[in-house]
Amino acid sequence: MSLENRKITLHEMSLRDGMHPMRHQISKDQMVAIAKAADQGGLPWIEVTHGDGLGGGSVTYGFGAETDASYIAAVRDAVSQIRISALLIPGIGTLDNLKEAIEAGISGVRVATHCTGADTSEQHIGAAREAGLDTVGFLMMSHRADPETLAAEALKMESYGAGCVYCTDSAGYMLPADVTARIGALRQALRPETELGFHGHNNMGMGIANSVAAVEAGANRIDGAFAGLGAGAGNAATEVLAAVFERMGADTGTDLFTLMDAAEELVLPMMQRPIRVDRSSLILGYAGVYSSFLLFAERAAQRYGVPARDILLELGRRGMVGGQEDMIEDLALTMAAASGATHKEKIA
Amino acid sequence: MTQKLKVAVIGSGNTGIDLLMKLQGSEWLEPIWMVGLDPDSEGLVRARDMGLKTSTEGVDALLAHVRNDDIRIAFDATSAYALAASARELNALGVLMIDLMPAATGSYCIPAVNMRAHTGKLEMNVNMVTCAGQASIPMVAAISQVQHVTYAETVATVSSKSIGSGTRKSIDEFIRATANAIEQVGGADKGKAMIIANPAEPPLLMRDTIHCLVEGTPDEEAIRASVAAMVQQVQDYVPGYRLVNGLVFTGNRVSIYVEIEGLGDDLPQYAGNIDIMTSSALRTAETFAIEVSSQAITLPERTA
């Protein structure tokens, strides 16, 4: 399929989703360097936030090396064209956090809920819209909702004031046909002027293919991360998205070589682990588990002597959603006790 | 047996109904009024069936009957923000307000931790914080009674089916109230709260995870003993409150994993989040009634 004359807005994720594999420890200098490269490469948007969104810094999710506001301000001072967004998950971040982020320099916010929980976003989408932000509704774990249900939830976000709604494949579970069906249902249900977006993870190796399917079905905003730096097996790689869309005739307004150099020279050397489809990230995609659970499951596996694969499969079976990282150690303790495994640490 | 104190329930949603069911079994309290919005709502229909007086005219309708019906306690189980003025009027009439909604302004009350400080000085407005607060703060307090807690955080997971539109629309207030009460009542220097709604079917029981960072090396033995005693105190009024995993000690961090199963007599068992709120409110009201009965405190004047 040709995408001739289609305009696609790429949104860089390495400084937000990429915070998960980096345990939220990316330095301010690294952020500034990557944001400058994204700016020079013509990317229109970059997200700068704790991996779990504004206010995500916690014992449960991990504390960031810096506060969200100080990261955002540092990036804002270093870039010229590119606009900065933040992620906000109601239940984790509040409007107080959003206000700080606005003062620090964001132009947009993506208000994220579980795919069937859009009604927790009314306060936040409304306030973002009122503040004049580019306001996006972000339906996480979209594979858990059938296309009609997802469209009904998207309609709620549109009614609260979202100018764009995302189908977010947080678990990297979807195959291209799943994306086609969901984006198609959103396109039919929402107003023509409401933009559609897709956020993919590569856990089943489908990050790029799913992004292409999304654009073909009517999405015009696509998330990518340099070198794929994101949770699980990572996001769709920004530089690959740019290359693929260019070959398909679409206009992303980016400079491919600048983007590929940034991925290779700035982001790849920073990685603490290879971002690839390994057996743990493949299980995330296969079982439909939230991608940022990966490192937590591996840590719990090591401490309590329960295989990470078993933990992740059980989390999927129990229907855990984004934000329930606290249940990973809890489950590992329960599984260890049930199997009578001896573990190194003392527990009650 | 002395005369029961007469009470009104404002709000006829799930929380109001659950409260009403619990009040029916109370030896110390007698429900007289339920105030709601829709005369055909399940809550008001059931209240009338039980012989209660009902109104859809708001708190104003209740104000007119406070003296005649000798109302002494009112539970606010609405999601409305407009009740502050009504609360003052009810207070002036000598009615103690027990608020089950996070947006309200009364003094935070966690029965196992600080209830007697409120009932003892006849605090006229008490706020039951949130389900996450009722679940986590006893644990934070148990630890801070032993060792200085510099930071405490809770993640509450509730089933999507168990939270109403009021909570969904005021999720920021829920977080703020919980975090503030973790500091004020739990004794942590800094508090943080998160709430997650989980839509899994069948619905999951309410879960609450508590992480405390203590100053210095945790005194494991003393902390375990203090937490075990506190769990028992909470179970005294919330029988479905259980320690599932922990305590886990990681450096200066203490982690506790609890679960709250609802009684299941009216609402389903997964709605432990509602059960812990109504049970805590009931315990507070009953303690007030008992202290009145034993003449430890005197009923306030009706000045308005």
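In what follows, chains are A, B, ... by sequence order, proteins preceding strands, each numbered from 1.
Only the side chain of B:Tyr151 comes within contact range of chain A, with heavy atoms under 4.5 Å apart. For a residue to count as touching a neighbouring chain, one of its non-hydrogen atoms must lie under 4.5 Å from one of that chain's; by this rule A:Thr116 touches chain B with the side chain only. Heavy atoms closer than 4.5 Å to chain B are found nowhere in A:Arg144, neither backbone nor side chain. Looking at B:Ile163, neither its backbone nor its side chain comes within 4.5 Å of chain A, counting heavy atoms on both sides. In this structure, chain A has no heavy atom under 4.5 Å from any part of B:Ser160. Residue B:Ala193 touches chain A through its backbone alone, counting heavy-atom pairs closer than 4.5 Å.
For the 3.5 Å distance criterion, the side chains of B:Asn127 and B:Asp99 fail to qualify, holding no donor opposite an acceptor. B:Thr209 and A:Asp330 share no side-chain donor-acceptor pair at under 3.5 Å. In this structure, a donor-acceptor pair under 3.5 Å is absent between the side chains of A:Thr49 and A:Asp68. Between B:Arg176 and B:Thr178, the side chains place no donor N or O within less than 3.5 Å of an acceptor N or O (distance only, hydrogens not considered).
Under the 3.5 Å distance criterion, the side-chain polar atoms of A:Glu153 are left unmatched by any main-chain donor or acceptor of A:Ala151.
Figure legend: A:Arg129 and A:Tyr160 shown without cation-pi pairing, the cationic atom not lying both under 6.0 angstrom from the six-membered ring centre and within 45 degrees of its axis.
Side-chain contact check for B:Met128 versus B:Thr278: every heavy-atom pair is 4.5 Å or farther apart.
Interface check for chain A: of the options B:Leu204, B:Ile171, B:Val244, the most heavy-atom pairs under 4.5 Å are formed by B:Ile171. Note: B:Pro199 leads B:Ala156, B:Pro199, B:Ala200 in heavy-atom pairs under 4.5 Å with chain A. Counting heavy-atom pairs closer than 4.5 Å to chain B, the top residue among A:Thr94, A:Thr334, A:Val59, A:Thr120 is A:Val59. Heavy-atom pairs under 4.5 Å with chain B were tallied for A:Thr60, A:Ile92, A:Val321; the largest tally goes to A:Thr60. The most heavy-atom pairs under 4.5 Å with chain B, out of A:Glu325, A:Gln324, A:Glu122, come from A:Gln324.
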Trace of the side-chain contact (heavy atoms from CB on, under 4.5 Å) decision for B:Val155 with A:Met327 = CA-CA 10 Å; B:Val155 184; A:Met327 287 290 101; over 6 Å; no

